[in-house]
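Counting starts at 1 for both ligands and their atoms, in listed order. Everything numeric in this text was worked out from a predicted model, so none of it was measured.
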Amino acid sequence: MLLKQADGTCGWLVAEAAAALSAAGVANPRRQARRLVSGALAVPPPDLFGYPERALDEQQIGRVRALLHRMVAGEPLSRIFERREFWGLEFSLSADTLDPRPETETVIEAVLRREPDRSAARRVLDLGTGTGCLLLALLAELPAASGIGIDIAEGAVRTAARNAVDLGLAGSARFFAGDWASAVSGKFDVILANPPYIASDALALLPREVACHDPWRALDGGEDGLRSHRAVAEAASRLLSPDGIFATEIGVGQEDAVAAIMKANNLIVDCIERDFAGIARCVVARPALQGRRSQKKVGMRCGPV
Ligand SMILES: C[S@@+](CC[C@H](N)C(=O)[O-])C[C@H]1O[C@@H](n2cnc3c(N)ncnc32)[C@H](O)[C@@H]1O
């Protein structure tokens with residue numbers, strides 16, 4: 001049985017916030033309300049659940065209500081606190097970075113499933129790095145690997161570099177501003193990308209928490225949504241080592257078009273990986289005519305190519 005908490009307590013404020021979020025159509029309002037109150041008051045969630053009778057002062061209530069107002073207006077919690085968890089790691093966000101999405105973890109899973117030796121000194125390139133989430137998540141799993149992340153947004157490059165420091169990965173990751181890989185040379189064992197892939201016309205249809213808070217440069221894939229897929233595939237074709245793999249995220253329904261782009265760039269599609277919702281989400285490709293490194297058996301969520 002849920003007991004009504006006295007006015008001015010933590011439990012009462014969570015209930016008030018949950019009711020406001022529910023009325024605003026926010027999904028999981030009670031969970032979101034707990035995270036809001038916990039973050040705003042810097043109280044760990046277990047303390048919030050364990051002591052709902054904790055009394056709050058006017059200043060604390062005012063702080064929560066100010067943030068609640070922003071959430072009700074459509075701002076995601078991750079943007080309010082400028083933090084997002086990805087692959088079990090904490091990332092800072094900034095105005096220049098995409099808010100990393102859980103389905104993007106499919107790219108990391110796809111690469112790790114094909115990595116026969118987690119202690120190998122792989123060279124990794126991440127195109128359109130944003131917060132650096134793809135590169136840093138992979139480096140966290142491959143301790144001897146090192147990598148470069150590139151983004152056209154200088155603010156994103158600064159945020160990614162700060163995330164590398166915060167995650168203790170600054171020794172193995174470097175970040176640069178650039179137009180895809182135009183200034184990059186050499187060969188890489190793994191190339192990662194999550195390019196902007198929304199067709200320009202469809203940007204107006206995005207939910208407001210995306211349209212108003214993610215940078216358009218992270219979303220806009222040009223007239224057909226494929227402009228950046230072409231650019232990163234061309235770069236991968238030039239920069240992949242003979243045994244290397246290229247793993248790139250795709251938008252809903254883009255698998256055939258992206259497979260054709262790979263083929264046009266002399267890349268062979270190895271597999272199309274599905275995310276936790278069963279949506280084709282990541283294309284994995286290799287250079288044509290390569291001396292293949294032993295391939296691991298692909299997983300259950302791998303679809304036909
Ligand atoms: C969909 S976001 C992905 C960010 C991050 N990798 C992630 O998965 O959360 C695409 C990123 O590509 C960057 N970008 C867009 N055009 C670019 C270009 N021409 N060269 C390099 N980066 C670009 C954007 O600034 C954005 O950070």
Interfacing atoms of ligand 1 (cut-off 4.0 Å, heavy-atom, C133): 7 (C), 8 (O), 9 (O)
Nearest candidate to atom 5 (C) of ligand 1, where distance is taken over non-hydrogen atoms, out of V157, T129, L98: T129
N194 contact mode with ligand 1 (heavy-atom cut-off under 4.0 Å): both
R84 atom CZ, neighbour heavy-atom count above 12 within 6.0 Å: yes
For D179, the ligand 1 atoms whose distance to one of its heavy atoms is below 4.0 Å: 18 (C), 19 (N), 20 (N)
Distance from atom 20 (N) of ligand 1 to nearest protein heavy atom, with residue and atom: W180 N, 2.7 Å
Which of the ligand 1 atoms, numbered from 1, are nearer than 4.0 Å to a heavy atom of G178: 20 (N), 21 (C)
Nearest-contact summary for atom 22 (N) of ligand 1 - protein heavy atom, Å: I152 N, 3.1 Å
Beyond-backbone contact of S237 with F246, side-chain heavy atoms, under 4.5 angstrom: no
Pair D126, T129: side-chain N/O donor-acceptor within cut-off below 3.5 Å: yes
Heavy-atom nearest neighbour in the protein, as seen from atom 15 (C) of ligand 1, with distance rounded to 0.1 Å: R217 O, 3.3 Å
Just distance, no hydrogens or angles: give the donor-acceptor pairs under 3.5 Å from side chains in residues 154-161, sequence neighbours left out.
unit_1, atom_1, unit_2, atom_2, d
T159, OG1, S94, OG, 2.7
T159, OG1, G155, O, 2.9

Salt-bridge contact D189-R122 (side-chain N to carboxylate O under 4.0 Å): no
Nearest neighbour in protein (non-hydrogen) for atom 12 (O) of ligand 1: G128 CA, 3.3 Å
R101 atom CZ, over 12 foreign heavy atoms within 6.0 Å: yes
Test item, P196 contacting ligand 1 (heavy atom, 4.0 angstrom): yes
Heavy-atom gap D151 to ligand 1 smaller than 4.0 Å: yes
Side-chain touch E273/V283, heavy atoms, less than 4.5 angstrom: no
Proximal atoms of ligand 1 relative to T104 (non-hydrogen, under 4.0 Å): 8 (O)
Residues R83, D99: salt bridge by 4.0 Å N-O rule: no
